[in-house]
Amino acid sequence: MTGGEDENRRDLRQSVIGQQKEENTIASQTSALIAFAREQNCDVPTEWVIEDDGYSGASLLRPGLERLRDLAAEGRIQAVLVYAPDR
């Protein structure tokens, strides 16, 4: 294998890793969920897109999660879409 081939493989690995990181951003996950909801003919009001960016998922005390609980308690939502339960 030549040095050029090694370099190309390294570049490819870095590119794939970069794409994986890009695909796991909060914005990309939100976009995927909205697209899925639309495919299911569900409306997703912008004010109901809840992201707790900057908060640890280990904590149950997060502003977005509190808002979600309030919406559920008020009976205003029919479904909750989650990209990954551990996210």
Side-chain angles (χ1 to χ4, degrees):
M1 189 178 304
T2 67
E5 289 176 355
D6 285 340
E7 209 169 287
N8 287 341
R9 285 185 183 190
R10 185 188 72 229
D11 291 343
L12 178 60
R13 281 193 304 269
Q14 288 173 344
S15 175
V16 169
I17 290 168
Q19 288 174 358
Q20 289 172 342
K21 287 180 183 176
E22 224 174 79
E23 291 171 2
N24 287 320
T25 65
I26 291 174
S28 66
Q29 293 173 17
T30 299
S31 293
L33 288 170
I34 291 171
F36 175 79
R38 288 185 177 149
E39 289 171 7
Q40 306 306 310
N41 296 318
C42 295
D43 291 325
V44 181
T46 304
E47 64 271 11
W48 286 9
V49 174
I50 299 171
E51 300 172 341
D52 271 331
D53 192 15
Y55 288 85
S56 170
S59 172
L60 295 177
L61 300 175
R62 302 189 309 265
L65 188 55
E66 293 293 325
R67 188 158 170 266
L68 177 62
R69 287 184 189 123
D70 291 344
L71 289 170
E74 294 167 6
R76 299 183 62 198
I77 55 177
Q78 295 177 349
V80 175
L81 298 179
V82 178
Y83 188 82
D86 64 337
R87 303 300 295 158

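As a basis for the values below, the full set of heavy atoms in this structure was taken, side chains included, without hydrogen atoms, waters or symmetry mates.
Annotation for Asp43: atom CG does not count as buried by contact number, only 12 or fewer foreign heavy atoms lying within 6.0 Å. Within a 6.0 Å sphere centred on CZ of Arg38, other residues, nucleotides and ligands contribute 12 heavy atoms or fewer. With a 6.0 Å radius and a threshold of 12 heavy atoms from other residues, nucleotides or ligands, Gln78 has its CD atom at or below the threshold.
Side-chain heavy atoms closer than 4.5 Å link hydrophobic residues (I, L, V, M, F, W, Y) into clusters, and following such links, even through other members, never connects Tyr55 to Leu60.
For the pair Asp53 (side chain) and Ile26 (backbone), a donor-acceptor distance under 3.5 Å is absent. Within the 3.5 Å criterion, the main-chain N or O of Thr25 finds a donor-acceptor partner in the side chain of Ser28.
Think of Leu61 as one node in a network of Ile, Leu, Val, Met, Phe, Trp and Tyr side chains linked at under 4.5 Å; it has no links at all. Chaining together hydrophobic side chains whose heavy atoms lie under 4.5 Å apart places Val49 alongside Ile34, Val44.
Residues Leu68 and Val80 share a closest heavy-atom pair of CD1-CG2, 3.9 Å. Nearest approach of Leu33 to Val82, heavy atoms of both residues: CD2-C, 3.9 Å. Closest approach of Arg67 to Trp48, counting heavy atoms only: NH2-CD1, 4.0 Å. The shortest non-hydrogen separation linking Leu65 to Ile50 is N-CG2, 4.4 Å.
With values rounded to the nearest 0.5 angstrom, Ser31 atom OG is found 10.5 Å from Tyr83 atom OH. Atom-to-atom distance recorded for Gln29:CD and Leu81:CG is 13.0 Å, nearest 0.5 angstrom.
In this structure, the side chains of Arg69 and Glu74 stay at 4.5 Å or more apart for every pair of heavy atoms.
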